[in-house]
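Heads up: the structure comes next, in structure tokens.
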Amino acid sequence: MRPDPRPLGRSSLRVAPFALGGNVFGWSADEATTFALLDAFVDSGFDLVDTADSYSYWVPGHQGGESETLLGRWFARSGKRAKVIVATKLGKWERHRGLAPDTIQAAVEGSLRRLQTDVIDLYQAHEDDASTPLADTLGAFARLIEQGKVRAIGASNYSAARLGEALDVAERHGLPRFETLQPEYNLYARAGFEAALQPLARERDVAVIPYYGLASGFLTGKYRSEADLGKSAARAGAIGKYLNPRGLRILQALDDVASDLGATPAQVALAWLMAQPTVAAPIASATSVAQLHELLAAARLSLGAAQLAQLDEASAE
């Protein structure tokens, strides 16, 4: 059964409440695994795939563009492009750094070519570019929408002040507005989003697509001590910062709720995010089909008021 779709802001786009992270495509998921993940994802009734032109530049021997390229190959092989809401990002890759109009035009052509598609459903500014006037950036996005190359736009890693300013500029000049926001947000990282961005998103009808929904894997419960960090050399550096009394308190609450529901801590952590105001679809990545199916089950998990309160209390900052 397909999960009930949620709107992406005021756009015409509606998505199932879980986004597949494409950062692993061509990195910790090779081509065969990537194709299997994408097949399983859409065949389970989900549709939002999030990537970026820069993925996965950080891997030795990679330059960026690898994730989009694999996604494009899968579209060509599978014929399932129509079943996917493609979200990609620009502005953070050295090849197309920033959000100047010429940069945006060049970046979109590269992404469309790698993705082997005519249109990007959600095109997101990967980070703010204070050196380019917001009206210029939004004007460039407007031209892409007029050209039929982009359907809607979003912002990633924007402060509340800058997102609010961008929304005001769009309204004042009759330009397309950011319909989505992609911030870091999870049970551990709450204050940065909830203090100012969440109220703004509610007030202005901006849909939130949080990244690091599982706090780099910490909220799966697989890493509970320094010794556990040896399970993943790639994640050890990112996860170590969560191993403190508050982090362990969150894991205990996840364990308790998961036990009550016959679920896993990862499913509960994602279900908590899905229950938060303004959240359309948290992003998480998977490196095996079995892991993906576990995560997708979060969309069918219903947390009661007492369970949500238990998680809120355990994770309070």
Side-chain angles (χ1 to χ4, degrees), residues 5-15 19 48 50-54 85-93 96-112 117-185 192-211 276-281 283:
R6 300 180 179 189
L8 292 185
R10 298 173 183 169
S11 77
S12 62
L13 301 174
R14 298 174 68 82
V15 299
L48 180 58
D50 180 80
T51 184
D53 58 5
S54 59
I85 301 296
V86 178
T88 193
K89 300 182 283 291
L90 82 152
K92 204 172 180 178
W93 189 18
H96 300 297
R97 172 77 71 175
L99 299 172
D102 288 350
T103 301
I104 290 175
Q105 190 68 48
V108 77
E109 299 298 345
S111 286
L112 289 169
T117 189
D118 295 327
V119 62
I120 293 166
D121 299 302
L122 179 64
Y123 203 30
Q124 303 160 101
H126 206 160
E127 62 183 5
D128 191 11
D129 175 11
S131 67
T132 301
L134 286 165
D136 290 356
T137 292
L138 295 174
F141 282 133
R143 286 187 287 278
L144 298 186
I145 293 172
E146 291 165 3
Q147 294 164 4
K149 295 176 179 177
V150 169
R151 295 177 66 189
I153 60 171
S156 178
N157 299 306
Y158 274 55
S159 68
R162 285 288 284 177
L163 178 60
E165 186 182 353
L167 294 169
D168 290 343
V169 167
E171 186 173 352
R172 194 159 58 241
H173 295 280
L175 294 167
R177 61 173 224 141
F178 290 133
E179 300 294 351
T180 62
L181 170 68
Q182 193 173 130
E184 179 179 0
Y185 185 40
F193 171 72
E194 292 178 358
L197 284 166
Q198 187 178 58
L200 177 65
R202 292 185 77 163
E203 178 187 348
R204 307 294 287 270
D205 295 328
V206 174
V208 177
I209 307 172
Y211 65 84
Q276 299 311 302
T278 73
V279 171
I283 302 167

Show your working on salt bridge (Lys or Arg N to Asp or Glu O under 4.0 Å) between R143 and E146 and close with a plain yes or no.
CA-CA 5 Å; R143 286 187 287 278; E146 291 165 3; over 6 Å; no

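Between L48 and A87, the shortest heavy-atom contact is CD1-CB, 3.9 Å. A pairwise comparison of heavy atoms in A19 and A281 identifies N-CB, 4.0 Å as the closest pair. Closest non-hydrogen pair, G98 versus T103, comes out as O-CG2, 3.5 Å. Across all their heavy atoms, A155 and L163 have their closest contact at CB-CD1, 4.4 Å. Nearest approach of A142 to L175, heavy atoms of both residues: CB-CD2, 4.2 Å. The shortest heavy-atom contact between I104 and A140 is CD1-CB, 3.8 Å.
Counting heavy atoms of neighbouring residues, nucleotides and ligands inside a 6.0 Å radius, atom CZ of R202 does not exceed 12 of them.
Under the side chain to side chain contact (heavy atoms under 4.5 Å, CB included) criterion, A52 pairs with S54, Y55, K89, H126, not counting sequence neighbours. Every residue two or more places apart in sequence or in another chain that forms a side chain to side chain contact (heavy atoms under 4.5 Å, CB included) with E194 is listed here: Y185, R190, Q198, W272.
Between L200 and Y158 the shortest side-chain heavy-atom distance does not fall below 4.5 Å. Q105 is not listed as a side-chain neighbour of H96, based on a closest heavy-atom distance of 4.5 Å or more. I85 is not listed as a side-chain neighbour of R14, based on a closest heavy-atom distance of 4.5 Å or more. Looking only at side-chain heavy atoms (C-beta outward), I120 and S111 come within less than 4.5 Å of each other. Side-chain contact check for F193 versus V208: some heavy-atom pair is nearer than 4.5 Å. Side-chain contact between L138 and I153 is present, with heavy atoms from C-beta onward closer than 4.5 Å. You'll find the side chain of L112 reaches within 4.5 Å of the side chain of T117, heavy atoms only. Two residues are said to be in side-chain contact when any heavy atoms from C-beta on lie closer than 4.5 Å; V86 and L122 fail this criterion.
Counting only residues at least two apart or on different chains, the side chain to side chain donor-acceptor pair (under 3.5 Å) pairs with a member in residues 132-142 are D129-T132.
In this structure, CG on L90 lies 10.5 Å from OG on S156, to the nearest 0.5 angstrom. Once rounded to the nearest 0.5 Å, the distance linking CZ of F178 with CG of L167 reads 8.0 Å. Note that CD of Q147 and CG of D118 are 13.0 Å apart. Values are rounded to the nearest 0.5 Å. Here the straight-line distance linking atom CG of L134 with atom NE2 of H173 works out to 9.5 Å at 0.5 Å rounding. Atom CG of L99 and atom CG of D128 lie 7.5 Å apart (nearest 0.5 Å). Taking CD1 from I145 and CZ from R151, the interatomic distance works out to 11.0 Å, rounded to the nearest 0.5 Å.
Test R162, R204, R177 against D168 for salt bridge (charged side-chain N to carboxylate O under 4.0 Å, His left out) and you get one pass: R204.
Formation of a donor-acceptor pair under 3.5 Å by the Y123 side chain with backbone atoms of V108 is found in this model. No side-chain donor-acceptor contact under 3.5 Å links E179 to the backbone of A152.
Neither side chain, E184 nor N157, offers a donor N or O lying under 3.5 Å from an acceptor on the other.
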